[in-house]
Amino acid sequence: MATTELLPGSRTDADGSAVVRVLSYNIRSMKDDTAALARVIGACAPDLVLLQEAPRFFRWRKQLARLASDSGLVILSGGATAAGPALLCSLRATVERTEDVLLPLTPGRHRRGFATAVVRFGGARLGVLSCHLSLDRTERYEQGGMLLDRVAGMGVDHTVAGGDLNDEPSGRTFRRLAGTLTDCRTAAPWGGEHTWTRTGPPKRIDALFVTKGVEVLGCGVPHGQPGVTEADLRAATDHLPVLAALKVPAAV
């Protein structure tokens, strides 16, 4: 486990650049302890939350709105309209636009999608994308390519993308993403590494990536952070969250 010193807090600097805290979290359709889930999210003090397996069915908007409120955040985009990925944000974010993207459906498999947005923090402009890639190796690799295409087409200089990849760093899709984008955990290890510990050997299958020019100040599972207890992490959902602090330059 890397250092568990506190990550930098959110701030906007005089030159317009911003430190942005980003959390990625598979919440298993909020089937577990939602109070523990909200406590974990809130304790991480994120500016942006990239969710996977957000509620998609009956009263899904109400469930997602309650989680956002209980976490001190608001809904940005996604949910059922993106087939599961969703975005939450703090009131610090100024929203330029959002778009939910449904990926091609392979018969017999789950529909997948991306929740995307462009937001501003001070003078920094940031694209955001949350994903949950396929369990099927071939389909997952194709979706990784679609993710890269979507990031390239967002029309912003700086983007953070991530989620539940269903792939490890040695996997073909993970390596495809890391070949173009910066894997935040590799760039600045912090906290814990593994995000899946429920069955089999522990794995890192959830990740955050950034485009060139974004400085990663630290990234990992927030074990031992103030307000984040191991009991809540176990009760909230079956994945562990990934928290990163990013320094985003001011837009030119």
Side-chain angles (χ1 to χ4, degrees), residues 22-32 37 40 48-57 77-87 100-116 128-151 159-187 189 191-210 219-222 233-234 236-244:
V22 182
L23 186 74
S24 180
Y25 211 174
N26 183 317
I27 61 173
R28 209 172 84 92
S29 299
M30 296 175 61
K31 294 177 180 178
D32 301 292
L37 180 64
V40 171
L48 295 166
V49 182
L50 284 60
L51 297 176
Q52 302 84 48
E53 293 193 35
R56 291 176 294 157
F57 302 110
S77 70
T81 49
L87 299 172
D100 299 329
V101 180
L102 292 176
L103 302 183
L105 176 62
T106 301
R109 299 204 179 112
H110 290 295
R111 169 74 80 177
R112 304 283 177 172
F114 301 145
T116 75
V128 193
L129 183 152
S130 177
C131 71
H132 187 183
L133 302 186
S134 177
L135 290 165
D136 178 80
R137 183 175 182 269
T138 300
E139 185 177 43
R140 180 169 63 241
Y141 186 78
E142 293 171 351
Q143 291 170 352
M146 296 175 199
L147 187 156
L148 293 175
D149 289 343
R150 178 61 54 171
V151 168
T159 296
V160 58
D164 181 352
L165 305 184
N166 277 313
D167 203 23
E168 297 183 76
S170 60
R172 193 168 66 130
T173 301
F174 201 116
R175 288 187 286 111
R176 182 177 195 178
L177 297 178
T180 299
L181 306 173
T182 297
D183 172 15
C184 294
R185 170 72 190 182
T186 298
E193 176 181 4
H194 300 115
T195 63
W196 178 259
T197 60
R198 294 299 176 98
T199 58
K203 301 176 181 179
R204 180 162 78 98
I205 60 173
D206 304 80
L208 288 166
F209 297 87
V210 291
C219 179
V221 178
L233 288 173
R234 288 192 300 271
T237 177
D238 56 353
H239 283 244
L240 294 173
V242 179
L243 177 65

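- Not counting sequence neighbours, Asp206 has no partner by the salt bridge (Lys or Arg N to Asp or Glu O under 4.0 Å) test.
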Evaluate side chain to side chain contact (heavy atoms under 4.5 Å, CB included) for Val49 paired with Val22, printing each intermediate quantity in order. CA-CA 6 Å; Val49 182; Val22 182; over 6 Å; no
How far apart are the C-alpha atoms of Val242 and Leu23, what are their side-chain angles, what is the distance that settles it, and do they pass the side chain to side chain contact (heavy atoms under 4.5 Å, CB included) test? CA-CA 6 Å; Val242 179; Leu23 186 74; over 6 Å; no
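- Checking Leu103, Thr116, Thr159 one by one against Arg150, the side chain to side chain contact (heavy atoms under 4.5 Å, CB included) holds for a single residue, Thr116.
- For the atom pair Thr182 OG1 and Leu208 CG, the distance stands at 12.0 Å (nearest 0.5 Å).
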Kindly indicate, with the supporting measurements, whether the criterion salt bridge (Lys or Arg N to Asp or Glu O under 4.0 Å) is fulfilled by Asp167 and Arg204. CA-CA 8 Å; Asp167 203 23; Arg204 180 162 78 98; over 6 Å; no
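- Every residue two or more places apart in sequence or in another chain was checked for a side-chain hydrogen bond (donor to acceptor under 3.5 Å, both in side chains) with Ser77, and none qualifies.
- For Asp136, the salt bridge (Lys or Arg N to Asp or Glu O under 4.0 Å) partners are Arg109, not counting sequence neighbours.
- Nearest heavy atom pair, residue Gly144 against residue Thr173, reads CA-CG2, 4.2 Å.
- Applying the side-chain hydrogen bond (donor to acceptor under 3.5 Å, both in side chains) rule to Arg234 yields no partners; only residues at least two apart in sequence or on another chain are considered.
- Minimum heavy-atom separation, Leu87 to Ala115: CD1-O, 3.7 Å.
- Heavy atoms only, all atoms of each residue included: Ala86 and Ala54 are closest at CB-CB, 3.9 Å.
- Although no hydrogens or angles enter the test, the distance criterion places a donor-acceptor pair under 3.5 Å between the side chain of Arg185 and the main chain of Gly192.
- Interatomic distance, CZ of Arg198 versus NE2 of His239, reported as 9.5 Å (0.5 Å rounding).
- Rounded to the nearest 0.5 angstrom, Asp164 CG and Cys131 SG are separated by 8.0 Å.
- Screening residues 168-180 for salt bridge (Lys or Arg N to Asp or Glu O under 4.0 Å) gives no qualifying pairs among residues at least two apart or on separate chains.
- Side chain of Asn166 to backbone of Leu133: a donor-acceptor contact under 3.5 angstrom is found.
- Looking only at atom types and distance, the side chain of Ser134 has no donor-acceptor partner in the side chain of Gln143 under 3.5 Å away.
- Summarising the geometry of Asp100 relative to Gly78, their closest heavy-atom pair is OD1-N, 3.1 Å, with the distance given to 0.1 Å.
- By the salt bridge (Lys or Arg N to Asp or Glu O under 4.0 Å) test, Arg56 pairs with no residue at all, sequence neighbours left out.
- Ser130 and Pro85 get closest at one heavy-atom pair: O-CB, 3.4 Å.
- Ring centroid separation for the pair Phe174 and Phe209 comes in under the 6.0 Å cut-off.
- Residue Arg112 holds its CZ atom at 12.5 Å from CE of Met146, rounded to the nearest 0.5 Å.
- Between Pro222 and Pro241 the shortest heavy-atom distance is CD-O, 3.5 Å.
- In this structure, Arg137 places its CZ atom where only 12 or fewer heavy-atom neighbours from other residues, nucleotides or ligands lie under 6.0 Å away.
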Could you walk me through whether Leu165 and Leu177 satisfy the side chain to side chain contact (heavy atoms under 4.5 Å, CB included) test, starting with their C-alpha distance in whole Å, then the side-chain angles of each, then the deciding distance to 0.1 Å, before giving a yes or no? CA-CA 10 Å; Leu165 305 184; Leu177 297 178; 4.0 Å; yes
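- A donor-acceptor pair is defined here as one N or O able to donate and one able to accept, closer than 3.5 Å; such a pair exists between the side chain of Thr237 and the backbone of Asn26.
- With hydrogens and angles ignored, the 3.5 Å screen pairs a side-chain donor or acceptor of Thr195 with a backbone N or O of Ile205.
- Side-chain N or O atoms of Gln52 include one that pairs as donor or acceptor with a backbone N or O of Leu50 at under 3.5 Å.
- Note that the CZ atom of Arg111 and the CG atom of Leu102 stand 5.0 Å from one another [nearest 0.5 Å].
- Atoms CG and CG, from Asp32 and Leu37 in turn, are 8.5 Å apart once rounded to the nearest 0.5 Å.
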